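In what follows, every chain begins at residue 1, and chains take the letters A, B, ... in the order their sequences are listed. Computed from a prediction, not measured in an experiment: that's the story for all the values here.
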Amino acid sequence: MKIMKNIIEFKNVSYIYMPGTPFEKVALNNINLEIQKNEFVGVMGHTGSGKTTFAQMLNGILKPASGTVIIDEVDITNKNTKTKDLCFKVGLVMQFPEYQLFEETVHKDISFGPKNMGLNDIQINLRVERAIKFVGLDEKILSKSPFELSGGQKRRVAIAGVIAMEPKILVLDEPTAGLDPLARDEILNQIKFLKDETQTTVIFVSHSMEEISKFCEKVIVMNNGKIVLNEKLQDIFSKTEFLESIGLSVPQITKIVNGLKKNGMNLNNKIYEIPQIAQEIKKNLKKSEG
Amino acid sequence: MNIIEVKNLRFSYSKDEKDEVIKGIDLNIEHGEFISIIGRNGSGKSTLAGLLSALIMPDHGEIYINGINTKDESKNFDLRQTIGVIFQNPDNQLVSTIVEDDVAFALENLGVEPKEMENRIACALKSVDMLDYLKHSTHMLSGGQKQKIAIAGILAMNPSILVMDEPTAMLDPIGRKNLIETIKKLNEKENKTIILVTHHMSEAIYAKRIFVLNEGKKIIEGTPKEVFSNVEKIKKIGLDVPQPTELIHELNKYEFNLKCDILTVEECVNELTKIFKENK
């Protein structure tokens, strides 16, 4: 039995945008949190709840106004900690990352991270090839300019650029916005595979409870800069009224289950996959037949 | 009357037939219709939206908007006032720092009288429920609010057609719901013809008709109920059906014979409850 270690710890962390101005806004309000190695954690919350601030704090882009952030046993809020090392340890895929592609070729763009880590050319090439395959693109694309690619391809190249650094923690801030349903599932399946193969810890910020329910084991819900729920995935579906009250949308399928229960069906509200739910409904319909 | 007619439309960015992204599309859209276009990334949706808004010109075939061929450059000015276009990214579509100025932008270019301009700005902002924000600065608005201001800027020109290319892609669920309500209202109350390109099936169901594109061709066309009852076909090309439709489809595998044209949560709950109570 392996001992579970916390790879991320937040202790009383707060962050304020534009302090001392009329626009002052508390983005994170006394956050306490522990995430274990190799977990796949979903972070939900409506716009302005502090999700993105939280994500950016994980790799040191933002430093807390107060409190302590410990990543992989290093206190990153300590002034003597080098932020550069953190950038390699925590890979952050920001919203609409395709806008951040800048090099002449896809190969150069993906190499940017590994190069800055000080790897040699052989190691860099190896990582670039691995990363491009991982995101489901053909190696032929490496010699193209990133600007010749379609939106979906650009998104994959941007994710490959982060994965090539082989970070211990992968933070994805709404990585699937604007992708079609199949592309969404493909990218998230690949990330799930990466998590299982390499023991990576994944933090996945999303508006979509549908997506979170397909891939995450744990869910953190944020509201007004605070963590209001921190639960196992199956426990979140029985709290739909609360989620709606803080402006989150629950999956249609969950609304159907709630509606049917109200009308007298006997259904387990910890399930969230359509085939499972169909099974349960079937039992209700069949039972009453006899 | 058809406000948009598309005949044998073909288009490629490289002008090489091998690279065609639109491979022979015919469409008719009536005045005041609400149309959704769905399809995978790269299926030609955005290109079609660009062609319909006369931002790009067909290689082959014709597009008539209100009887005007989009290739007729002498009528370009009329066309621009007939069609308004909204894109994905709200930040790329605002030009001024104050809401009022942003909505006024096109009107100033059209040389509208100041008194008339005030009226039109107020009307446009009222249509998208943003009149209270007249004097606000644009960069402090949320994504959904920005998108509404972009729409208001277009409404001020009083176009009869609104082409929207994934206008909700960058919005959160509340912003998205709100924007869809606004779009529905513009269609129902102001009789605007709406063409909505989207990846969200839960948005597409509000259209009167849906066109499904795949590899540059229109492969399915019909009402949302007709389109989404093809669960297998829709899934095969990599798209989703609304969850209520999928649940019913799943249950019908057990020979329940439920109505297969169910799209909303309410319809689904009602249908299942009816059978549940009948069997009791």
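- Taking CG of Leu272(B) as the start and CG of Asn263(A) as the end, the distance is 10.0 Å to the nearest 0.5 Å.
- Of all the listed residues (Thr264(B), Val269(B), Asn41(B)), the one sharing the greatest number of non-hydrogen pairs under 4.5 Å with chain A is Asn41(B).
- To the nearest 0.5 angstrom, Thr273(B) atom OG1 is 5.5 Å from Met265(A) atom CE.
- Neither the backbone nor the side chain of Gln153(A) comes within contact range of chain B; no heavy atom of the residue lies under 4.5 Å from a heavy atom of that chain.
- Atoms CD1 and CD1, from Ile281(A) and Ile248(B) in turn, are 7.5 Å apart once rounded to the nearest 0.5 Å.
- For the atom pair NZ of Lys282(A) and CD of Glu255(B), the computed distance is 10.5 Å after rounding to the nearest 0.5 Å.
- Contact record, Pro181(A) with Asp240(B): CB-OD2, 3.6 Å, taken as the closest heavy-atom pair.
- Distance check, rounded to the nearest 0.5 Å: CD1 of Ile174(B) to CG of Leu248(A) gives 7.5 Å.
- Between Gln243(B) and Ile256(A), every side-chain heavy-atom pair lies at or beyond the 4.5 Å cut-off.
- If you measure heavy-atom distances from Gln88(B) to chain A, the contacts under 4.5 Å come from the side chain alone.
- For the pair Tyr99(A) and Asn89(B), the minimum side-chain heavy-atom distance is below 4.5 Å.
- Contact count against chain A (heavy-atom pairs under 4.5 Å) is highest for Glu250(B) among Lys277(B), Glu266(B), Arg176(B), Glu250(B).
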